[in-house]
Amino acid sequence: MNNSDCIGNTFLKHLAEGPNEIQIIQGEEKISRDKFAKNASGIRKFFIAQGVKCGDVVGLANTNQVTTIEAIFALWSLGASPITLDFKSSNDEIEHIKKITKLNYLFSDFNFMIKNSHALKIPDRDTLIGEISDLTFKSSPILTADFVQSSGTTALPKIKPTDTKSLYIAIKRYSLTEATPCRRNILTCSNLNFPAMRFYWYQAIFFGKTIISVPLFFSIQELDAALSSDYAEEAKMAPVTIIQLISYVKDQLSNFSEPRYPNIYNLQSVGGPLVGKKLCEGKTLLSENISVTYSSSEIGVISRLSGRDIEKAPNSVGKPYADMKVSILSDSNENLPWGLVGNIHVEKDRKVLMPGDMGFLDEDGYLYITGRQDEYICRKGITFMAGDLEARIQKILGITECSIFCVNGDVPEEDTVIAAIGGDYKKLKEIKSQIRLKISSNIRPNYIRIYDKLPRTSGLKLARNNLRLQYLAEQDKYDDI
């Protein structure tokens, strides 16, 4: 390992070998390695003018993901540390990130964030052109290259810094695993604040491959055109997007003899599993090479479901990789036999990980995810799962959408339980009466709110994080049961 071992210097090597090779495609724009480097250098010059220096932590919250990746390279060249944020981040989230990372600057191209979060405006990419010779990079265990944010059902994200050397090693090591059999051009349509997406972009640049970036505010027709392009070889996208594609292809093609995207070597669902009927439809309509992975930002890809295994176990996340020892543990840390739900425990290279998920292994070795450990709620000395209470309320009321979450109560170790329900607000009185009548006061929610439709994440999971933040900000809109 030497000072040249970092992603920035690997990019400069590819640049010298082929400056006119296409690095990124976004819409009609094709950005060569040469143009990418000049833009990054121009942004570097802009950051210097704003006072950014070596060692600073700089937040990037952009709607244009190409601006974000060019800014990341600019900050690496300065020896500064980028942290990529969602342009829709709340002020509470930003204040949390400032406290944890010692954030020095926040830049954005989103006017709402500039106005409400006091972010500095980052200029248009094409107005910032610099000299490639200004781009230099160093590999160091003390320079933070990336901050991985992991979010579950808690209100604020956990943040883990990664230095330049560790990021370089991780990408190089990941490329040699069975999870990444080939190195191909990659298509994405998600925000780079999602750690997995950044990793895929870093990897494509590391291997000199082209990135096809579908803008965040895209139409399904634009995504279809991008997937059908000659450049597209591998695609990573959220389950909700794949489901939209399935509906689009169904509408467009009444008769078909093969999947819509035969050129795609791997159409991967990320950010949440795509399971069951929709996964099987995706294999038939979109690509025979569709896949689902289960992964952790701390340990990488744990399992993968693809090919014939989709027909065998469509509701699973596949079999764990050979180098991943997965076991299911009880609350007392005893190994459970196949078929029983418990806490998922993963070991790799003597590193132990508890992802926080619950699930089971079947007799053939397929892994199934059933929920999260941190959805347990403690109330009046009784511990119960949010999912169990959700199912009970759904059955009682005959509804399909219910999210249970908790916040700290006034009494230590006592959770305040909140219910968000999708339904008709006019029936609030009836709903409250049914819950009081049929659910014990020991587990009954304290407060309730009726939504027309509950918010969901891109992985189609109920957005408990958003609901919790809404409750904290708008408690007057919740009714006392």
Side-chain angles (χ1 to χ4, degrees), residues 7 11 23-27 31 36 59-73 75-76 82-89 108-110 145-152 157-160 162 167 170-171 174-175 179-180 183-207 209-218 222-223 226-227 231-242 244-245 264 266-274 290-302 304 457-461 465:
I7 299 171
F11 165 73
Q23 184 62 74
I24 301 176
I25 299 173
Q26 183 165 260
I31 304 162
F36 177 86
L60 303 170
N62 299 312
T63 60
N64 190 323
Q65 303 310 288
V66 179
T67 299
T68 295
I69 194 67
E70 290 172 347
I72 287 172
F73 273 71
L75 292 169
W76 285 347
I83 178 166
T84 310
L85 310 176
D86 188 347
F87 64 91
K88 297 176 290 186
S89 296
S108 179
D109 63 1
F110 189 49
D146 197 272
F147 289 89
V148 175
Q149 298 182 62
S150 59
S151 59
K158 297 177 182 178
I159 300 171
K160 179 184 176 183
T162 302
L167 184 61
I171 287 178
Y174 182 78
S175 69
T180 313
R183 303 163 186 175
R184 305 186 182 99
N185 297 340
I186 185 171
L187 181 150
T188 70
C189 53
S190 298
N191 198 322
L192 287 181
N193 79 295
F194 184 31
M197 290 301 166
R198 284 200 307 283
F199 194 88
Y200 295 138
W201 281 44
Y202 295 157
Q203 190 179 39
I205 292 171
F206 182 88
F207 290 118
K209 297 300 179 181
T210 299
I211 299 165
I212 300 96
S213 173
V214 181
L216 293 185
F217 308 106
F218 63 88
E222 288 175 311
L223 178 56
L227 283 164
Y231 283 94
E233 296 176 337
E234 190 165 345
K236 317 280 187 178
M237 60 188 69
V240 65
T241 306
I242 295 176
Q244 289 172 346
L245 270 175
I264 299 295
N266 181 23
L267 174 58
Q268 184 178 330
S269 170
V270 294
L274 180 74
I290 196 169
S291 67
V292 173
T293 57
Y294 174 56
S295 62
S296 163
S297 57
E298 296 180 54
I299 208 167
V301 179
I302 297 168
R304 183 170 184 260
T457 68
S458 60
L460 297 182
K461 301 173 185 176
N465 182 29

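These numbers were taken from a predicted model, which means no experiment stands behind them.
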Flag side-chain contact, heavy atom, 4.5 Å: Y202 against I72: yes
Residues two or more places apart in sequence or in another chain: which of them pass side chain to side chain donor-acceptor pair (under 3.5 Å) with W76? none
Here the pair of heavy atoms bringing V148 nearest to R198 is CA-NH2, 4.1 Å
Has S108 got a side-chain atom pairing as donor or acceptor with A61's backbone, closer than 3.5 angstrom? yes
Pairwise distance NZ(K160) to CG(D146) - rounded to 0.5 angstrom: 11.0 Å
Heavy-atom closest pair, residues A232 and A226: CB-O, 3.5 Å
Mind checking what makes ring pair (Phe, Tyr, Trp, His ring centres under 6.0 Å) contact with F11, not counting sequence neighbours? F36, F73
Would you call E233 and R184 a salt bridge, taking side-chain N to carboxylate O under 4.0 Å as the test? no
Less than 4.5 Å apart, side chain to side chain, heavy atoms only: is that true for L60 and L192? no
Starting at CG of N185, measure out to CD1 of I264 and round the result to the nearest 0.5 Å. 9.5 Å
Contacts of N193 meeting side chain to side chain contact (heavy atoms under 4.5 Å, CB included) (sequence neighbours excluded), chain-then-number -> T84, D86, N191
Return the set of residues passing ring pair (Phe, Tyr, Trp, His ring centres under 6.0 Å) with F147 (not counting sequence neighbours), or none when no residue passes. none
N62 meets the side chain to side chain donor-acceptor pair (under 3.5 Å) criterion, sequence neighbours left out, with T68
One should read off an interatomic distance between E234 CD and Q268 CD, to the nearest 0.5 angstrom, of 7.0 Å
Suppose we screen for side chain to side chain donor-acceptor pair (under 3.5 Å). Which residues come up paired with T63, at least two apart in sequence or across chains? D109
N64: partners by side chain to side chain donor-acceptor pair (under 3.5 Å), with sequence neighbours left out: Q26
Do K209 and I186 come within less than 4.5 Å of each other through their side chains, counting heavy atoms only? no
On a heavy-atom basis, which atom in C189 and which in L216 lie closest, and how many Å separate them? O-CD2, 4.3 Å
